[in-house]
Amino acid sequence: MTRKGVLSARVMTRARLLLLSDQGFLDRDVAERHGVNAATVAHTRRKYVEGGL
């Protein structure tokens, strides 16, 4: 998904947040890397669990 380059920037950011979270990074570390709030990372993970991207 992150390699094709045909998706919106928002979807790509969400996918990257989820990939880093899956690798064991803390929300604050993921957020810092991508310039978002840690709450955004937590929200993205929660939404993914509930229904995918």
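These numbers come from a predicted model, not from an experiment.
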- Thr40 (side chain) donor-acceptor with Val36 (main chain) under 3.5 angstrom: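 Such a contact is absent between Thr40 side chain and Val36 backbone.
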- Query: Other hydrophobic cluster members with Val49, side-chain heavy atoms of Ile/Leu/Val/Met/Phe/Trp/Tyr under 4.5 Å, chained?
  - Reply: none
Sequence neighbours excluded and cut-off under 3.5 Å, please list the side-chain donor-acceptor pairs for residues 23-33, or say none.
| from | atom 1 | to | atom 2 | distance (Å) |
| --- | --- | --- | --- | --- |
| Asp27 | OD1 | Arg45 | NE | 3.2 |
| Asp27 | OD1 | Arg45 | NH2 | 3.2 |
| Asp27 | OD2 | Arg45 | NH2 | 2.7 |

- Measure the CG-OH distance between Leu17 and Tyr48 for me, rounded to the nearest 0.5 Å. 13.0 Å
